[in-house]
Amino acid sequence: MLRTHTCGELRIYNVGEEVILTGWVQRLRDKGGMLWIDLRDRYGITQLSLEEGLTPPALFDQARSLGREYVIRATGKVVERYSKNDKIPTGAIEVQVKKLEILNPSKLPPFLIEDETDGGDDLRMRYRYLDLRRSPVRHNLELRHRMMREVRHYLDSHFFIEVETPVLIKSTPEGARDFVVPSRMNPGEFYALPQSPQTFKQLLMVAGFDKYYQIVKCFRDEDLRADRQPEFTQIDCELSFVTQEDILNRFEGLIRHLFEQVKGIHIDRLPRMTYDDAMRYYGSDKPDTRFDMRFVELNDLARHKGFKVFDDAELVVGINARGAANYTRKQLDELTDFVKRPQVGATGLVYARINEDGSIKSSVDKFFTAEDLQAWAWAFEAKPGDLLLILAGPKDKTRKALNELRLEMGTQMGLRDKNVFSPLWVVDFPLLEWDEQTQRYHAMHHPFTSPKPDDIELIDDRPGDIRANAYDMVINGVEVGGGSIRIHDRRLQERMFHLLGFSRDEAKAQFGFLMEAFEYGAPPHGGIAFGFDRLCSLFGGSDSIRDYIAFPKNNSGRDVMIDAPAPISQDQLDELHIRMKH
């Protein structure tokens, strides 16, 4: 090795030792007779010192020639530091340099390689290999590494086997758009990159591998945002001879293990909420339960009182922002503007303040008596100092808008603390959802999800009422994982494909291999997949998964560092039998 120690390793008990360190020059401080170098590697920073009278002049001049990010090798003696730095682990010592070697000089970096950098997102993504030298980014990847290690430890300890599934597979029509790969040896035919290993892990269950997992790359050609990338990582799992209860217990155990080992946080058993309750009380199938502010419906109390907005509404519903009655008119106008934004979709906002004397002042006083408003307060269990915020309109649209308002109030009131974690299971999803545009049903999860056994009889007459044997894990309003008990019977799978609008020939062409496998003794099975990047960002307290991916794409799906995607040569296109339109 070119070094005896790392730059984060030396302590006061190493004083007197002769050491060799290697790393990058973080900064250089020249005080004339004294010169200090902060030397950085992946493990930390160690201060090097040179002093006139003790250091040969030639060595002093060599040290003065160093620039930021030079790669050097320093030999010297560990001494106790006169002015200690308690902000770094090595702050009690420094190394008196006796020899310096420049292993590689460096151009001046385009931004500061420090915790608080002057580089914007685009610049840092272009020079991502420099950005990765910064401590916060490195710590994110170290967290990712610990998470991956603990996932494997937990699943290995429960007798799961990790199996790699193919990356070049067949394109299927369900779900997001596929990334496709042309086949040179099969002109006019294409592979697809997997959106998940779904069918392969089910085939592994048919093969008798009763506990499978894989930390696997998946690909989706979809619009991007902070929590999406065209390529992402899943913790993909499948088990045989299990019920939904078995899976919830096993993977609740995984999440509790991760919190315990990675964050040092004990998580109690996860509560369970039905999809219907989540939509009714939170307007979302991934509710943020770090704070209360549940929806209260007011149809019986607010309609038919002469206020047309409420009288004509399918739903009148609101939240109680406890202690927020001191919101100013300006703040309330800003909330009104917020709910009117196109991405929220409400037409207006009604509010009512509960004053300290118990009286109520609302924005619709002329339509409602004091007794009417008092009935609202009782419905919300409101106390003096509370603020009631109410929306009205079509049922689904209004709940969606109120969910956005609830989250905004949670943020404004400091109720969405990133150091507080509130996980839960959401269960009993609808199996199908109706698409008005295509005039057919789509699978809420995917077409291999089993109906609840009690609801199979509804498949012909009331398919929209069937509940799925499916479950999502939600933490702090983020869906981090989801899965289901699968269909393992060919006849039931064929009926599901028929419900989803597949012809018999289409189903056979796309999934005939799976249905044929079901005829060779397929066991009852089910599974779950966790968004690993999302879990890492959640544990790290970030809103963006890009911070936890070594080389992420930008919001346009581009890697600006290597400039991909990029055109390919005409020779390559010809080999692939692809003709470009001009």
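Taking 4.5 Å as the limit, some side-chain heavy atom of Leu168 sits within range of a side-chain heavy atom of Val181. Within the 4.5 Å cutoff, the side chain of Val25 has no heavy atoms near those of the Arg40 side chain. Residues Lys400 and Ser284 fail the side-chain proximity criterion, which asks for heavy atoms closer than 4.5 Å. Leu39 is not listed as a side-chain neighbour of Trp24, based on a closest heavy-atom distance of 4.5 Å or more. Ile247 places none of its side-chain heavy atoms less than 4.5 Å from the side chain of Gln244. Contact of the Asp285 side chain with the Phe429 side chain is registered, since non-hydrogen atoms from C-beta on lie closer than 4.5 Å.
Arg138 places a side-chain N or O within 3.5 Å of a backbone atom of Arg42 that can act as its donor or acceptor partner. In this structure, Gln493 contributes its side chain and Pro447 its backbone to a donor-acceptor pair below 3.5 Å. Judged by distance alone, the side chain of Arg256 and the main-chain N or O of Ile267 form a donor-acceptor pair under 3.5 Å. The closest donor-acceptor contact from the side chain of Glu9 to the backbone of Thr6 lies under 3.5 Å. Within the 3.5 Å criterion, the main-chain N or O of Val420 finds a donor-acceptor partner in the side chain of Asn476. Side-chain atoms of Arg272 do not come within 3.5 Å of backbone N or O of Leu424 as any donor-acceptor pair. Arg144 places a side-chain N or O within donor-acceptor distance of the main-chain N or O of Tyr548, the cut-off being under 3.5 Å. Under a 3.5 Å cut-off, the side chain of Thr117 and the backbone N or O of Gly119 do form a donor-acceptor pair. Listed for the Arg558 side chain is a donor-acceptor partner under 3.5 Å among the backbone atoms of Pro565. Although no hydrogens or angles enter the test, the distance criterion places a donor-acceptor pair under 3.5 Å between the side chain of Asp559 and the main chain of Ile562.
Evaluation of the salt bridge (charged side-chain N to carboxylate O under 4.0 Å, His left out) test over residues 203-215, restricted to residues two or more places apart or in two chains, returns none. Sorted by first and then second residue, the salt bridge (charged side-chain N to carboxylate O under 4.0 Å, His left out) pairs involving residues 407-416 (not counting sequence neighbours) are Asp288-Arg416. Applying the salt bridge (charged side-chain N to carboxylate O under 4.0 Å, His left out) test to residues at least two apart or on different chains, the pairs with a partner in residues 229-243 are Lys201-Asp236, Lys201-Glu238, Lys217-Glu231, Glu231-Lys553, Glu238-Arg486. Among residue pairs with one or both ends in residues 147-159, those qualifying as salt bridge (charged side-chain N to carboxylate O under 4.0 Å, His left out) are Arg152-Glu162; sequence neighbours excluded.
Taking the charged nitrogens against the carboxylate oxygens, Lys418 and Asp543 do have a contact shorter than 4.0 Å, which makes a salt bridge. A salt bridge does not link Glu114 with Arg134: none of the charged nitrogens is closer than 4.0 Å to a carboxylate oxygen. Between Asp41 and Arg3, at least one side-chain N (NZ, or NE/NH1/NH2) sits under 4.0 Å from a carboxylate O, which counts as a salt bridge.
Side-chain contact, Asp178 with Gln195: a donor N or O sits under 3.5 Å from an acceptor N or O. A donor-acceptor contact closer than 3.5 angstrom is absent between the side chains of Glu252 and Asn249. A donor-acceptor contact closer than 3.5 angstrom links the side chains of Gln47 and Arg81. Side-chain contact, Asp547 with Ser542: a donor N or O sits under 3.5 Å from an acceptor N or O. Side-chain atoms of Asp246 and Thr243 form a donor-acceptor pair, as typed in the model, at a separation below 3.5 Å.
Heavy atoms from other residues, nucleotides or ligands lying under 6.0 Å from CZ of Phe209 number 12 at most. The neighbour count for Asp118 CG, taken as heavy atoms of other residues, nucleotides or ligands under 6.0 Å away, is above 12.
Under the 6.0 Å cut-off for aromatic ring centres, Phe259 and Phe539 qualify, their centroids lying closer than that. Ring centroid separation for the pair His488 and Phe518 does not come in under the 6.0 Å cut-off. Between Phe448 and His446, a ring centre-to-centre spacing shorter than 6.0 Å is recorded.
Residues passing the side chain to side chain contact (heavy atoms under 4.5 Å, CB included) test with Arg280, sequence neighbours excluded: Glu297, Arg399. Looking at residues two or more places apart in sequence or on another chain, you find no ring pair (Phe, Tyr, Trp, His ring centres under 6.0 Å) involving His139.
The two residues Gly526 and Val242 make their nearest non-hydrogen contact at N-CG2, 4.1 Å. Shortest non-hydrogen contact noted between Ile255 and Met473 is CG1-SD, 3.1 Å. Taking both residues in full, the closest heavy atoms of Tyr520 and Val206 are given as O-CG1, 4.4 Å, listed atom of the first, atom of the second, then distance. Residue Thr289 comes nearest to Met273 through the heavy atom pair CG2-CE, 4.3 Å, listed as atom of the first residue, atom of the second, then distance.
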Worked check of salt bridge (Lys or Arg N to Asp or Glu O under 4.0 Å) between Arg490 and Glu519 | CA-CA 7 Å; Arg490 175 172 185 146; Glu519 295 184 306; 3.3 Å; yes
